[in-house]
Amino acid sequence: MSRLVIDPITRIEGHLRIEAELEGNRVKSAYSSGTMVRGIEIILKGRDPREAWAFAQRICGVCTTVHAFASIRAVEDALKIKVPRNASLIRKLMIGTLFVHDHVVHFYHLHALDWVNPIQALKADPVKTSELAQKLSDYEKSSPSYFKEVQDKIRQQVERKQLGIFSRGYWDHPDYRLPPEANLMAVAHYLDALNWQTKIVQVHTIFGGKNPHPNFVVGGMACPIDLQSDTAINMDKLGRIKSLIDSMIEFVEKVYLPDLVAIASFYKDWFEKGEGVKNFLVLGEPEGDSHREGKFFIPPTFIRDRNLENYEDVDYSMIEEYVTHSYYKYSVGDERGLHPFEGETVLHYTGPEPPYQQLHVEGKYSWLKAPRYRGLPAEVGPLARILALYARNEHGARELVNSYLSKLGLPVNALYSTMGRTLARGIETYIYAHAMRSYYDQLVQNVKSGDSTTFNGEKWEPSTWEKDAKGLGLMEAPRGSLSHWVHIKDGKIANYQAVVPTTWNGSPRDAKGQPSPYEASLVGHELVNPKEPLEIIRTIHSFDPCLACAVHLYSDTEDTIIKIT
């Protein structure tokens, strides 16, 4: 038995370490470790709850708005603040933009190079590449000259030995299967997506003033609507929003989804690998901003052991976090789980002294806690949401899933896999992009009818708050279910806990020894070459891991950690 270590395994936001026990070249067991600590919960204690979102939003700069939304919703829930419909619609447009942007960036810039070999694009015939692209869609950038231009750029980088964004890849690995023309097409669209994504985030700058980390406010949105003003949200800005939504839909339909299906067709066996724990959890995306209204765009759903016919509604009281194998300690003992409202964040490192070769996996080995629902590990994210929508037959998900699987000649069970996870993300992007048109139309109709309200200040002053209040803020973030839990006492935050997607998916084992989705999904993988563990990377990347929300560095002695001049 040998131990394979991959650290870091993520292309952005590192701090994720995977250690896999190998029997020969086969993964027998795996361990997922967050290698830094998150201290935001500690930082928020004692602060004004109205400013919590500004701190919580800094949990991550990648999925830039999700923690702000979850934080605001938690505080609004605790203080019983009703958000104006306009503000809720604006938030929905920003969330939709985030989903489309994040999923496209994940596919092209974080995951595509697990399947696409840019070096092989040099062998492609640009004319044949153009023919291939035009068979897939009528995307305007499909001429032979365009693909020749991209190919020349790649060649220049290779000849200068300056691969840049394509460096450090396992380009000699034998399991890259795309023909040269498909590689060239995918690389060209990789570069297109870089430019495209910089434009569509203008939705955030129009409504929130900037990106990343737009501006928000408890009780609504900080952007006023005034059709006669040059600085407020006016018809010119609303028109710009419409054109950006159109651009999102076009790119998703003409580039992203055709590329996804084309690439997947060469890796059909990956629809049989990398499933994980077989349980799937969706905490829910409210139709408005409050889960208490009982109306959801993505309904709270628990799917146990793949059973789509007998899906369950979610009971939020059944969520617990364990620290048995995490670098924390609980006052009640580390074998018990705590509900987030009673959650504790007490740092307790017991791992090996750096630098070290291997983790002490028999004890504590990660800075991530281990969330469990009804005592079970559960996968969160696009696959969980698509399965929930498929089971409930909402948003046309069943028809969409069946349509894309039929193109690949695959059954529904193919979704429970590494490539199934990637396909589900693409289908979800289509659903969110088209939902934005509905939210936009509702907002414009409200404005035309004379409703310009974006803020409710009735409970802005602390004198209007209850002395003791608890709130839950839910949001389905691109990477999975996100929940913020706040306890407000005498006008200040008494306790704050964030249970985040990567913590659900990438946690260590719990008190029962149950592995997380990351850990379970790797078991059984056969590695062609353990020195180039592409197979492990493919499956972990299919979850879209981002450890920013799960780990940070915090010093309670106020030491300078790093200084940059």
Side-chain angles (χ1 to χ4, degrees), residues 10 12-13 38 40-41 44 52-77 83 87-88 90-106 110 197 200-201 203-205 207-208 210-218 221 281-291 296-298 300 340 368 371 380-382 384-385 425 428-429 431-432 435-436 439 471-486 496-506 543-552:
T10 47
I12 57 164
E13 282 302 337
R38 187 179 76 207
I40 293 292
E41 291 92 343
L44 281 171
W53 68 268
F55 288 88
Q57 185 169 222
R58 269 67 184 178
I59 285 176
C60 184
V62 178
C63 46
T64 173
T65 61
V66 298
H67 293 285
F69 282 126
S71 181
I72 284 175
R73 286 173 173 174
V75 172
E76 289 169 346
D77 182 48
V83 178
S88 187
I90 289 171
R91 292 179 182 182
K92 288 292 184 185
L93 288 168
M94 297 179 77
I95 289 170
T97 300
L98 172 66
F99 264 80
V100 177
H101 175 273
D102 200 274
H103 284 348
V104 169
V105 166
H106 169 262
L110 308 180
Q197 58 96 16
I200 66 160
V201 293
V203 173
H204 285 191
T205 63
F207 287 132
K210 59 190 177 76
N211 182 281
H213 306 318
N215 295 307
F216 299 100
V217 64
V218 170
M221 285 297 296
L281 179 66
V282 178
L283 295 184
E285 174 63 32
E287 183 56 49
D289 279 279
S290 173
H291 67 281
F296 291 88
F297 178 67
I298 309 289
L368 278 68
V380 300
R385 288 188 290 257
R425 184 173 284 106
E428 179 174 67
T429 311
I431 291 172
Y432 263 93
M436 289 180 69
Y439 293 131
L472 165 60
L474 295 175
M475 183 189 169
E476 284 301 317
R479 288 164 181 85
S481 294
L482 172 65
S483 57
H484 282 219
W485 310 71
V486 65
Y496 199 101
Q497 295 292 318
V499 185
V500 306
T502 297
T503 317
W504 282 101
N505 287 336
F543 288 93
D544 192 8
C546 182
L547 271 286
C549 64
V551 292
H552 293 96

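As a basis for the values below, the full set of heavy atoms in this structure was taken, side chains included, without hydrogen atoms, waters or symmetry mates.
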Checklist line | Side chains of V83 and R91 in contact at under 4.5 Å (non-hydrogen atoms) | finding: yes
Notebook entry, point to check: Are any non-hydrogen side-chain atoms of S71 and F55 less than 4.5 angstrom apart?
Noted result: no
Check: So, do E476 and V282 sit near enough that their side-chain heavy atoms are less than 4.5 Å apart?
Finding: yes
Next item on the list: Could you tell me whether a side-chain N or O of T429 sits under 3.5 Å from a main-chain N or O of R425, the two making a donor and an acceptor?
Entry: yes
Notebook entry, point to check: Within the side chain of R73, is there an N or O that forms a donor-acceptor pair under 3.5 Å with the backbone of L474?
Noted result: yes
Check: Got a second to check how far L482's CG is from M475's CE, nearest 0.5 Å?
Finding: 7.5 Å
Check: Taking the side chain from D77 and the backbone from G473, do they hold a donor-acceptor pair closer than 3.5 Å?
Finding: no
Notebook entry, point to check: Could R479 and E428 be called an ion pair, given the rule that one side-chain N must be under 4.0 Å from one carboxylate O?
Noted result: no
Check: Is there a donor-acceptor contact under 3.5 Å linking the side chains of S88 and D289?
Finding: yes
Item checked: CZ on F69 to CH2 on W53, rounded to 0.5 Å -> 10.5 Å
Note to self: Could you measure the distance from the NZ atom of K92 to the CG atom of L98? Nearest 0.5 Å is fine.
What the structure shows: 12.0 Å
Notebook entry, point to check: Counting only N and O atoms by type, is there a donor-acceptor contact under 3.5 Å from the side chain of N505 to the main-chain atoms of P545?
Noted result: no
Next item on the list: Please answer whether the main-chain N or O of I40 pairs with a side-chain N or O of R58 as donor and acceptor at a distance below 3.5 Å.
Entry: no
Item checked: Straight-line distance of T65 OG1 to D102 CG, nearest 0.5 Å -> 9.0 Å
Notebook entry, point to check: Are Y432 and F297 near enough that their ring centres are under 6.0 Å apart?
Noted result: yes
